[in-house]
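For reference, the structure is listed below as structure tokens.
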Amino acid sequence: QVQLVESGGGLVQAGDSLRLSCAASGRTDTFYVMAWFRQAPGKEREFVAGITWNSRRLFYADSVKGRFTISRDNAKNTVDLQMNALKPEDTAVYYCALDRSVSIATMSKEYDYWGQGTQVTVSS
């Protein structure tokens with residue numbers, strides 16, 4: 001079993017930056033993909049960014065490309081999401097997810113474990 005705990009959410013203004021962090025514990029191993037998803041009220045959960053186990057491959061949703069950066073530290077079992085130039089449309093609950101796979105999937109059903117989510121609110 002794997003536990004994921006997110007932190008770093010909050011209320012910011014448009015144009016500000018925020019850094020989310022996710023810590024994994026339990027039966028983790030190195031060869032897995034970690035990703036961030038988000039879900040706004042009344043909308044489906046959507047993929048934001050993913051990173052392979054060796055950090056060689058990163059993938060971003062078009063809506064965040066150039067503004068968000070995903071990174072991971074396997075020694076600490078953490079994955080971060082640096083969010084810059086935030087927009088009101090980035091407002092959502094952000095979830096960390098883990099997939100025991102070597103390739104990045106963008107569909108939520110592919111992921112095996114989820115965190116509880118952290119709220120990000122961007123005011124205009």
Is the cationic atom of R38 (NZ for Lys, CZ for Arg) positioned less than 6.0 Å from the six-membered ring centroid of Y95 and within 45 degrees of its normal?
no
Tell me whether R72 forms a cation-pi arrangement with W53, defined as NZ or CZ under 6.0 Å from the six-membered ring centre and within 45 degrees of its axis.
no
Check step by step if side-chain hydrogen bond (donor to acceptor under 3.5 Å, both in side chains) holds for S17 and N84.
CA-CA 4 Å; S17 297; N84 298 329; 2.9 Å; yes
Would you say the side chains of T121 and Q119 form a donor-acceptor pair under 3.5 Å?
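Distance-only check passes for T121 and Q119.
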Evaluate the side-chain hydrogen bond (donor to acceptor under 3.5 Å, both in side chains) criterion for residues D80 and S21: first the C-alpha distance (whole Å), next the side-chain angles of each, then the deciding distance (0.1 Å), finally the verdict.
CA-CA 4 Å; D80 291 349; S21 185; 2.9 Å; yes
Heavy atoms, side chains only, cut-off 4.5 Å: are [X] and [Y] in contact?
X	Y	value
S101	E110	no
V120	T91	no
V102	V33	no

Given 3.5 Å as the limit, does a donor-acceptor pair link the side chain of Y60 with the main chain of I70, or not?
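Yes.
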With no hydrogens and no angle check, is any side-chain donor or acceptor of Q82 less than 3.5 Å from a backbone partner on T69?
no
Output for pair (T106 OG1, E46 CD), nearest 0.5 Å, gives 11.0 Å
To the nearest 0.5 angstrom, please state how far the CG atom of L81 sits from the OH atom of Y94.
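The OH atom of Y94 is 7.5 Å from CG of L81, to the nearest 0.5 Å.
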Describe, in one word, how the ring planes of F47 and F59 are oriented to each other, choosing from parallel (under 30°), tilted (30 to 60°) and perpendicular (over 60°).
tilted
Charged N to carboxylate O under 4.0 angstrom, D62 versus K65?
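K65 and D62: salt-bridged.
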Any chance the rings of F37 and W114 have centres within less than 6.0 Å?
yes
